[in-house]
Each structure stands twice: as structure tokens, then as C-alpha cells.
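Below is one structure, written out as C-alpha cells, with a few remarks after it.
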Protein chains: 2
Amino acid sequence: MTDAPITSENRYIVPALAQGLGILSLFGGGNRSFTAPEIAKALSLPRTKVFRLLQTLQSMDYVRCGEDKRHFTLGPALLRGGFEYLASLDMVEVAQPVLQRLRDETGLSSHMAIRDKREIVYVSRFPARSTIASSVNIGTRFPVHATIMGRMTIFEMGDKELEALFGDQPFERFTPQTPTTLDALKALLAEDRKRGYAVSQAFFETGVSAIAAPVHDGAGGVVAAINVTAVNAHIDEQAMHGALKDAVLEAASEISRWLARKN
Amino acid sequence: MTDAPITSENRYIVPALAQGLGILSLFGGGNRSFTAPEIAKALSLPRTKVFRLLQTLQSMDYVRCGEDKRHFTLGPALLRGGFEYLASLDMVEVAQPVLQRLRDETGLSSHMAIRDKREIVYVSRFPARSTIASSVNIGTRFPVHATIMGRMTIFEMGDKELEALFGDQPFERFTPQTPTTLDALKALLAEDRKRGYAVSQAFFETGVSAIAAPVHDGAGGVVAAINVTAVNAHIDEQAMHGALKDAVLEAASEISRWLARKN
DNA sequence: CAGCATCGTTCCATTAGTAAAACGACAGTT
DNA sequence: AACTGTCGTTTTACTAATGGAACGATGCTG
């Protein structure tokens, strides 16, 4: 976060707010607590400012400080926003019964995710009833380029849009099948568009298969994606491109139809 | 939010951050979208500042603006924080199987909540399998003074602590049984301490019965509360003070014992 | 179709939040 | 025990964020 030049993008950004939120987004991925100096180093901010930001976050219960008075952890105020947001998503409400039925029909774990920048965020899930089931939680984030649900959310993007989204950022490789260039991703997207759905060949995790389809809103744009997942041993290639894909596509279009009525 | 005097409490508060977070906490309770002028009025902030705060929140996906470019709604960035927070609570992990068993044993909806200022926040829930079940979601907030789970979380507070917490704020009345003064609340707390648990006589919602017990951490302090709830028709007074209260107390102390081992 | 009101956005002088230096306290090291 | 480094906290000169005025656009109202 070196002093960025004044562009049309950040001209009206309030630094204090952005930095305070930046502290919150440090947490996650195993990092459950930070000390003030750690935060200062991570964000390259002056110690004195981190001190004041933390006081503010603490006073509003967005962070709490441990008994040692040194380590800060996330606070309960975050729960308000997160779940208010979920409640505000008509989409999730609508999708809930459809996803549940999809799970029951296929016997596999079903999920819905939306896109946030270059990540997808799980907003709903129904784990398979079998002993080995999907363990992703609501709120889990995965990179768009490495997941078929991610690809579904950028289903209809043009070349300029795609370049604006991914810019020059490198594509992290998760498995040998992960696309590592924008061109490779575009090639996959072209196939997806023809089919109208996508089947995972271990782009993100080896040994896990998935089928995903896009969800449209009333205006026709892609607003989310759904999928079903299972370990490879539980599904065969035949079914994936047959009855299984039909079930996923049918569920996706049912959610889309409901959303179209809402507006 | 009239210009507060400089006290030891707010001396190091960063206004921009506090106000930005203030915008986020406007959402909730049915208010799913706001325009910039609405926010400015609600927080009595200058229009120009609200404009910049919204730009900042929007750039970080904490809010999103609708198609009409006027209405702002919550954004997906909030999900990250909310679920990171839940994941950071060892308590929830530990409680999960115990609450599930409590639900299955009693046939009623079981919940766990923690306290945030004068509110309790639901952090875990297992709805009863019956058709009419508890509909509170994780993240739901209720006032401490009007709920038995709330009373359990202030179980061991002394008089000064209680007065510091509630100050001169009025006690909202939800049912005829809701305590409306600090003294009335103290009287109920005294009974709670003797019993070690609490039974709802419709303090918060008429027609709904509940039994709650406090959860302690290794240090012995109250860190959460659990309860079971059902519509009155589903449970009888006898069972509430008998087998039912035993089940809740046993579950609470089991969670407490697990927490003690952790540290 | 004026007239008025309110919107989003921009500009700029001024104030208010900040960065740096400094303090006292503590922990580890020589 | 003195030294060195780092911590949380406080103070203050100064820079940068701010609030008010103002602009053009839009949407009512009579």
C-alpha cells in the first residue's frame, strides 16, 4: 500500500476508513490475532495511527483485545453486517429450497456462490448426507479463475471486461489443470459458453469433481453460480454429462426464474 | 451523534472510521438499502462526507450501489469478516456437537449466544426438527435485559458493572413480563444466581418458552449462554424445571469443561 | 414550461486528523 | 546493573482530510 497516485479511482477515498477496514481484512486464513506492531508492519502504517484505528475499532466492537492487552482479535460487531448482508440477498432465500432439493436428488453437496472481484464467495450450501461431504463454509472464498463456479460467474464477460478484472495479476496454480494465463482461461470460457455449464477436471482440488451452472437475474445478467460436488469415487463421468448436469441446469434456471419474478 | 466532548473514552477515536462503520450499522432490521442523502440525514453528516465514505466502502465491496446509482446495499466483503469471526470462536466449534445433541435429546431448538454491549448475538443454532421451529438466524441480536440468555451472560456482574453497562438507558418493554428498570432486572438476576439457570416467562416474546444456562471459560467467567426454546404448547411447566433444565445445565457445563481444557 | 427542490459531483479555504518525536515501562542481553 | 530494543501512550507542528459553497443535472409542482 505505497502512497498511490491520485487517479479517478481513488480520488474520493477516505484513508482512515480504508485503513481501518484494511485491518479487519488482515484477519482470516489462520491469522486469528495480531498485535499493534504486527498490523503496523503488515500495512506499513505508523504505529500511532494503528493505535488510534484499533481504539476506534475496539470501541465499536469490531475488534477485541485479549487479556494480555496486546493481541487483538475480531469482535462480534462483524456478525451484524455479515448476516444482515445474507438476509438482504433475496437470491439466497430463493435458492435455499432449490439447492436443498438438488442435494437430495443428486445425493451430492450443493452450493451457491457469488463473485466479489477476483474471488467467489459461498453464500449457501447443503452438504451431502454421506459421511464424506463438502466442508466449505458459507463465506469461504476461492479464486475465480481456478474454480468452475468462478468461471460461471464471468460467463458472459467480454474481452475488455475480463482484462479489466484480471489485469496483469498472475494466475495462481492449484492443480496441473488450473489455467495460468488469461488466454487459457478464455479458452475454457469459450467451451463453457457453448455447453452452458462446466464440469470440473480438478482445476482447484485434485480428487474432487463438480458440475456448475450460472444463475441469471431478471435483467439476464449472471448474478451467481451453483454447483454440486463430490469426491471422484462417488460419481462417474457418464452421469456428470448426463442426468447430473440436467439436474444442476434445471436448478439454476429455476432460481433464475424466481429472481426474474421478484423485480 | 452530536459533537461529543473529549473524554478519556473517545480521545483517540478516528471519526472517519467510526462514521464509515456507522453507515454499515444503519443497515439491518428491514432497512436493506439507503440513498446517500438518507444516510447523511440519519447520521447528521455533511452530504459531501457521506459521498466520500460511500465511495470508500464501495471500493472495498463493503457496500454496493444499485442499478439506479442511488440506492446502496450491503456488499459481500462483510461476509468475510462475519465468518472469520465465527471461525475464530473456539467456543462455537466446541459447542456445536453439544448443542446438536441437546436439540436431539429435548426435541427443541437449541442456541448459543454471546454478549456484545447491551445485546446478545446468536452464534450457533440447531432448529428443532418439528415443523414449527425457531427461526432466529446466526447473527440475530436481542436486548440483554429482555432475554433469559441475556441475563445468563451478565450472571456474575456486580452492581457497579451493571450500572456501567446499562447506565441511564431506558429498558424497552417487549411483553408485560419484561423488566423495565435496572432494579427489576437485578431482582431477576438474584433469582437466577440461586437457581443457576433461568426459565422464560415470556420476557421477550409471548407464547415462547425457554430455558437458559451460562457457559464459563477456563478462568471461570461467563463467556456465553445456551438455551432451548419452543412454543408454549410443546412443553409443560413440570418438565421445564425438571428433566429439561437438567439437560440444558448438563450441556452448558459440558461446553464449559471443554473450554477449560483448551487454555 | 418556468420555478423550486434535491440530487451527485467538484472545488477550495480552513480546520482537524495525522506523523514524528518523545516519554515511561518493560524484557532480554551483555 | 547498565544497555538495547520494543512496547503502549502522549504531545504537538503541520499536513491532509474536511464542510460549505457552488455547479450542472434531474425530477417534481403549479
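Both backbone and side-chain heavy atoms feed into the values below; hydrogens, waters and symmetry mates do not. Treat the numbers as computed from the prediction; the structure is a model and nothing was measured. Chain letters run A, B, ... following the sequence lines, proteins first, then strands; residues in each count from 1.
- To the nearest angstrom, C1' of D:dA17 lies 13 Å from OH of A:Tyr12.
- Between A:Arg70 and A:Lys49, the residue anchored closer to the 5' end of DNA chain C is A:Lys49, taking for each the nucleotide with the nearest heavy atom.
- The side chain of A:Thr48 has C:dA19 as its nearest neighbour among D:dT18, D:dG20, C:dA19.
- When rounded to the nearest whole Å, the span between CZ of A:Arg52 and C1' of D:dT11 equals 11 Å.
- Straight-line distance from the CG atom of A:Leu53 to the P atom of D:dT9: 14 Å, rounded to whole Å.
- Rounded to whole Å, atom P of D:dC7 lies 9 Å from atom CD of A:Glu38.
- Atom-to-atom, CG of A:Leu17 to C1' of C:dT18 comes out at 16 Å; the value is rounded to the nearest Å.
- Ion pair B:Asp61/A:Arg115 not flagged as a salt bridge, since none of the NZ, NE, NH1 or NH2 atoms sits closer than 4.0 Å to an Asp/Glu carboxylate oxygen.
- The closest side-chain heavy-atom distance from A:Glu119 to B:Arg80 is below 4.5 Å.
- A donor N or O paired with an acceptor N or O is not found under 3.5 Å between the base of D:dG19 and the side-chain atoms of B:Arg47.
- Per the geometry, NZ belonging to B:Lys41 stands 14 Å off P belonging to C:dA5, to the nearest Å.
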Evaluate the criterion side chain to side chain donor-acceptor pair (under 3.5 Å) for residue pair A:Arg64 and A:Gln58; output intermediate values, then yes/no. CA-CA 6 Å; A:Arg64 283 194 165 170; A:Gln58 194 181 353; over 6 Å; no
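- Atom pair A:Lys69:NZ and D:dT9:P shows a separation of 9 Å (rounding to whole Å applied).
- The nearest whole Å value for the distance from the CZ atom in B:Phe34 to the C1' atom in C:dC7 is 18 Å.
- Checked for salt-bridge contact, A:Lys186 and A:Glu163 meet the test: a charged N lies under 4.0 Å from a carboxylate O.
- Each of C:dT9, D:dG8, D:dT9 was ranked by its minimum atom distance to the side chain of B:Phe51; first place goes to C:dT9.
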